[in-house]
Amino acid sequence: MADRLRRAARITVLTGAGVSAASGVPTFRGRDGLWRQHRPEDLATPEAFARDPALVWAWYGWRRERLRACVPNAAHTVLAAWAGRWAGMTIVTQNVDGLHERAGAPDVLRLHGSLWHVRCADACRTGKAPRPFDDVLAPEVLPRCPSCGALARPDVVWFGEPLDARVLDRAANAAARSDVFLAVGTSAVVFPAAGLIPLARQGGAFVVEVNPDGTAFSDEVDVAIRGGAETVLPRIEQAMAAAGPCRP
Ligand code: BJW
Ligand code: ZN
C-alpha cells in the first residue's frame, strides 16, 4: 500500500464520518448516530425542515456544540500532510465538520457542505444561492436571512437535494483520473458520493478501503484494510517514511 502511494502521481481520498470518529464526532449510522430518538435520515431532509425547523435547528445546534470541543485526530493530520506534500492529491469529504480544514488540509472538496455555514432557506426568492452568512449566535432563536428575513438553514446537502455541480464535477474528475483511490471511514451507502468508488475503479485506480467494518463496496475494492483511520493512516505514513523519498 505504502509503495503504491509512493509511486502514484494522482491520489484521491474520499472520507466519511468514520474519519472523525476518533475525534468524538458521532457517525451517522453507528450506534451513537441517533439524537433524541431521531435517525439522521429523518432530520436531514428539506421536508423535515419545512415541517419542524426548530427541531432540525436543535439537532444542528447540538452537533455544533459537540464539535466545538473536538479536535482533528491523527487521520486528519496525515491526510493534511499528504495533501501538502503531493500536488496530485485531492481530498473529497462527505463530512460537514471542518476537521480536515482545521488539520491544515488545503482545497478540500466538501460534497455535503458545512455545518459552520448557514444560508437563506428561501434562496432570497431569486433562485440564486446567497453567500453563506455568519454563525448562528443564539440557537434558541431561529436564525433568519439578513437579506430577506426568511428562515436560514444550515448550508449542507440534505437527502433529495442536488450537490454543488462544480464540486461534484471536480471530485468525479479527480476520482476518474486517480492512480490510487482511498475510501476512508464511509459506509458508502449515500450517492452520488459512493459512486466515486466505482468511477475510480473504472478509471484504472488501485482502490483501497480503510474501515473497521465491511461496507457496501468492500467486495469491489482492491484492498480492504480493517481498522480505524486514526491508526491505519499513520501506519501507512510510517511505512512510506521508512521506504525513503517519495515521488515529488
Ligand atoms: C470508521 C471508524 C474509524 C467508524 N475509522 N472508519 C442512487 C442509488 C440509491 C439512492 C440514491 C442514488 N442517488 C441518489 C440517491 C438518493 C440519496 C441516497 O443516496 N440515498 C441512499 C441513502 C439510499 N442521495 C441523495 O439524496 C443526494 N442527492 C441527490 O442524489 O440529489 C439528486 C438530485 C439531482 C437534481 C435535483 C435534485 C436532486 C444527497 C445526499 C445528501 C446526504 N446528506 C447527509 C447529511 C449532510 C448534512 C448533515 O451532516 O447533517 O450526509 S446524510 C449523511 O450520510 C451525511 C454523510 O455525509 C452521508 C454519508 O455517511 P458516512 O460518512 O458514510 O457515515 P456513516 O455513518 O454511514 O458511516 C461511517 C463509517 O465509518 C462506517 O462504515 C463505520 O464502520 C466507519 N468507522 N469508526 C474509520 N475510527
Ligand atoms: Zn434570503
Side-chain angles (χ1 to χ4, degrees), residues 14-73 75-76 92-100 102 110-123 129 132-145 150-164 167-168 183-195 211-217 228-229:
L14 170 68
T15 66
V19 90
S20 299
S23 297
V25 183
T27 62
F28 288 91
R29 294 162 189 87
R31 264 171 305 179
D32 54 357
L34 276 183
W35 172 77
R36 293 192 198 162
Q37 313 306 317
H38 298 281
R39 294 182 317 142
E41 284 81 355
D42 301 329
L43 293 172
T45 70
E47 292 77 19
F49 188 74
R51 196 169 48 240
D52 194 345
L55 176 74
V56 174
W57 262 121
W59 180 47
Y60 281 96
W62 172 79
R63 288 172 60 193
R64 284 176 179 217
E65 274 318 301
R66 272 195 77 140
L67 250 178
R68 275 185 226 283
C70 298
V71 291
N73 65 60
H76 299 106
V92 182
T93 190
Q94 299 168 82
N95 298 344
V96 298
D97 57 29
L99 289 176
H100 285 304
R102 278 173 60 192
R110 285 198 301 258
L111 293 177
H112 294 161
S114 168
L115 197 65
W116 302 108
H117 293 162
V118 296
R119 63 183 157 91
C120 178
D122 214 14
F133 43 89
D134 283 345
D135 203 358
V136 183
L137 297 175
E140 65 281 2
V141 179
L142 288 188
R144 298 214 162 251
C145 170
L151 279 180
R153 55 163 283 179
D155 190 14
V156 298
V157 182
W158 285 327
F159 283 113
E161 295 184 323
L163 279 64
D164 182 313
V167 175
L168 184 58
V184 186
T186 176
S187 57
V189 295
V190 173
F191 285 80
N211 199 307
D213 293 320
T215 76
F217 281 94

Q: In chain order, what residues pass the side chain to side chain contact (heavy atoms under 4.5 Å, CB included) check against L168, with sequence neighbours excluded?
A: L111, L163, P192
Q: Main chain of V19, side chain of N73: is a donor-acceptor contact present, judged purely on distance under 3.5 Å?
A: yes
Q: Do the side chains of W116 and R64 get nearer than 4.5 Å, heavy atoms only?
A: yes
Q: Let me confirm one number: the CG-CG distance from N95 to L115, rounded to the nearest 0.5 Å.
A: 10.5 Å
Q: Side chains of T186 and T215: does their closest heavy-atom pair fall under 4.5 Å?
A: no
Q: Any idea which heavy atoms bring P162 and V157 closest together, and the distance?
A: O-CG1, 3.9 Å
Q: Where do S23 and P72 come nearest, in terms of heavy atoms and distance?
A: OG-C, 3.7 Å
Q: Only one of V167, D155, V190, V156 clears side chain to side chain contact (heavy atoms under 4.5 Å, CB included) with H112; which?
A: V190
Q: Locate the shortest heavy-atom distance separating W158 from L43; write the atom from each residue and the value.
A: NE1-O, 4.5 Å
Q: Do you know the tightest heavy-atom contact between D97 and S20?
A: OD2-OG, 2.6 Å
Q: For A121 versus R153, what's the shortest heavy-atom pair and its separation?
A: CA-CG, 3.7 Å
Q: Take V25 and R66, measure what side-chain contact (heavy atoms from CB on, under 4.5 Å) needs, and give me the verdict at the end.
A: CA-CA 7 Å; V25 183; R66 272 195 77 140; over 6 Å; no
Q: In terms of the angle between their ring planes, are H76 and H100 parallel, tilted or perpendicular, with boundaries placed at 30° and 60°?
A: perpendicular
Q: Can you measure from CG (D42) to CH2 (W59) and round to the nearest 0.5 angstrom?
A: 9.5 Å
Q: In the structure I gave you, are the side-chain heavy atoms of V118 and W57 within less than 4.5 Å of one another anywhere?
A: yes
Q: Hey, could you give me the CZ/CZ distance between R51 and F49, rounded to the nearest 0.5 Å?
A: 12.5 Å
Q: Minimum heavy-atom separation for R29 and V189, please, with both atom names.
A: NE-CG2, 3.8 Å
